[in-house]
There are 2 protein chains.
Amino acid sequence: MERADAARNRQRILRAAAELFAAKGAPNVTMEDIARAAGVGRGTLYRRFPDRAAIATALLDTHERELQERLLRGEPPLGPGAPPAERLAAFYAAMVELLEAHAHLVLGAETGRSRFETGAYGFWRVHVRSLLVAARVPDPDALVDVLLAPLAPEVYTYQRQDRGLSPERIAGALRRLARSIEPEGDRRA
Amino acid sequence: MERADAARNRQRILRAAAELFAAKGAPNVTMEDIARAAGVGRGTLYRRFPDRAAIATALLDTHERELQERLLRGEPPLGPGAPPAERLAAFYAAMVELLEAHAHLVLGAETGRSRFETGAYGFWRVHVRSLLVAARVPDPDALVDVLLAPLAPEVYTYQRQDRGLSPERIAGALRRLARSIEPEGDRRA
DNA sequence: AGTCAAGCGGACACCGTGTCCGCTTAGCAC
DNA sequence: GTGCTAAGCGGACACGGTGTCCGCTTGACT
């Protein structure tokens with residue numbers, strides 16, 4: 001179990017990190033910054049969180065779990081019951097909401113290669129793959145990462161900031177993509 | 001115009017960098033490594049190439065230009081003449097070949113956010129966007145980055161290495177994706 | 001041969017990372 | 001409340017990579 005001062009410091013670290021990420025963007029925040037803002041030493045910071053990504057992941061965790069819960073046991077079309085293409089479209093919409101709300105965190109936690117190593121990616125992957133299987137799409141293992149690629153935080157922020165697209169337009173494009181997923185030979189049937 | 005010794009050093013730098021990238025993977029090669037292997041000082045290296053990405057980009061340039069040429073003026077289905085969905089499928093196939101042949105370079109040049117800032121991305125974007133316009137797809141501006149996302153080098157190497165997928169399977173998934181691009185209301189028509 | 005600017009390269013300062021170790025303090029037993 | 005102990009703390013430190021600066025060298029042109 002965790003000592004009281006340790007728990008207090010964990011809270012202070014997370015609070016300070018959240019503010020800094022929001023203010024300056026995760027990639028521009030150093031571990032030193034966080035330690036100073038939280039009023040703890042560098043050693044204390046590293047004791048719990050090996051790097052910036054771990055802190056961002058901890059901050060994201062709640063939100064991601066909540067979405068995961070809704071995917072597993074929520075109402076359709078997000079939860080079970082709706083046709084696979086509709087569930088995929090609903091998943092995309094929910095991810096756009098999540099990216100929109102926490103872009104600065106995701107950009108700190110799931111950037112570049114490390115994106116694939118997070119538990120969250122594994123979860124999204126299993127979920128979407130099961131939808132593809134249900135839709136009887138050929139070779140779901142190859143398609144699943146292709147369909148998850150546009151949800152990379154770099155892509156989303158490029159579309160939002162550099163391209164000036166609204167969340168709605170991005171969600172719309174993803175929705176059309178989701179609905180185009182059909183079994184081989186079933187198109188124009 | 002460029003002095004003879006300068007041109008010689010440029011060649012030595014590019015040659016040395018190509019070997020190091022292939023041997024150790026671009027992200028693990030430091031500017032110092034390249035300078036030493038090329039037999040030049042750090043100052044000389046920085047004079048021409050501001051960072052590792054610039055070197056990798058220079059090495060990729062030839063191959064990318066060649067593909068761009070084929071897209072503009074080559075035979076169908078890559079070049080003009082074929083239906084948009086087929087041209088998109090051919091583009092995906094060509095990109096898979098390029099990624100397969102030069103993954104270590106692309107991983108050095110077009111990783112993370114910087115991918116979107118390269119001239120190459122702009123070219124691919126214009127090309128695919130024009131195909132979407134020709135296919136009368138709604139909101140091509142939002143869809144184009146979505147369709148280019150799976151070509152991010154991180155995604156490709158994840159599929160190849162962590163997932164053990166063959167280039168053919170990846171290309172197959174992308175081909176099916178390309179063929180599912182159709183005008184609104186035209187599906188199942 | 002002389003001039004001079006382009007080119008060169010190593011030394012240097014800086015920044016962020018991650019570790020290590022002596023000090024502090026919470027938690028507990030009595 | 002006192003004393004013990006291990007968990008927790010934090011600053012100092014070493015390291016590695018980056019990018020710049022400036023005195024020296026050398027190619028190119030006359």
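Numbered from 1 within each chain, the chains take letters A, B, ... in sequence-line order.
- Between F91(A) and W124(A), the ring planes are tilted. Angles from 30° to 60° get that label.
- Mapping M1(A) and E2(B) onto DNA chain D by nearest heavy atom places M1(A) closer to the 5' end of the strand.
- Using a 4.5 Å heavy-atom cutoff, the side chains of M95(B) and Y156(B) are not in contact.
- In this structure, R8(A) atom CZ and dG27(C) atom C1' are separated by 14 Å, rounded to whole Å.
- Here T44(B) reaches the OP1 or OP2 of dG9(C): one of its side-chain N or O atoms lies under 4.0 Å away.
- For the pair E32(B) CD and dC15(D) P, the computed distance is 16 Å after rounding to whole Å.
- Using a 4.0 Å heavy-atom criterion, one finds that T30(B) contacts the sugar-phosphate atoms exclusively.
- For the pair R3(A) and dA7(D), the criterion of a side-chain N or O lying under 4.0 Å from OP1 or OP2 is not met.
- Across all strands shown, R10(B) has no heavy atoms under 4.0 Å from either base or sugar-phosphate atoms.
- For the pair Y46(B) OH and dG17(D) P, the computed distance is 11 Å after rounding to whole Å.
- Contact between the side-chain N/O atoms of R52(A) and the OP1/OP2 oxygens of dT17(C) is found at a separation under 4.0 Å.
- Rounding to whole angstrom units, CD of residue Q11(B) and C1' of dC8(C) are separated by 18 Å.
- Residues A7(B) and D5(A) both approach DNA chain C. Their nearest nucleotides, taken by heavy-atom distance, put A7(B) toward the 5′ side.
- Of the residues R169(B), R175(B), R163(B), the one that meets the salt bridge (charged side-chain N to carboxylate O under 4.0 Å, His left out) test with D139(A) is R169(B).
- No side-chain donor from either of R113(A) and Y158(B) sits under 3.5 Å from a side-chain acceptor of the other.
- Side-chain contact between Q159(A) and V146(B) is present, with at least one heavy-atom pair separated by less than 4.5 Å.
- Whole-Å rounding puts the L45(B) CG to dT20(D) P distance at 12 Å.
- Taking atom CZ of residue R47(B) and atom P of nucleotide dT20(D), one finds them 12 Å apart after rounding to whole Å.
- Among the heavy atoms of the strands, none lies under 4.0 Å from R36(A).
- Under 4.0 angstrom from either OP1 or OP2 of dC13(D) there lies no side-chain N or O belonging to R42(A).
- We find that CE of M31(B) is positioned 13 Å from C1' of dT20(D), with the value rounded to whole Å.
- Atom C1' of nucleotide dG19(D) and atom CZ of R48(B) are separated by 17 Å, given to the nearest angstrom.
- Put simply, N9(B) has a side-chain N or O that comes within less than 4.0 Å of OP1 or OP2 on dC8(C).
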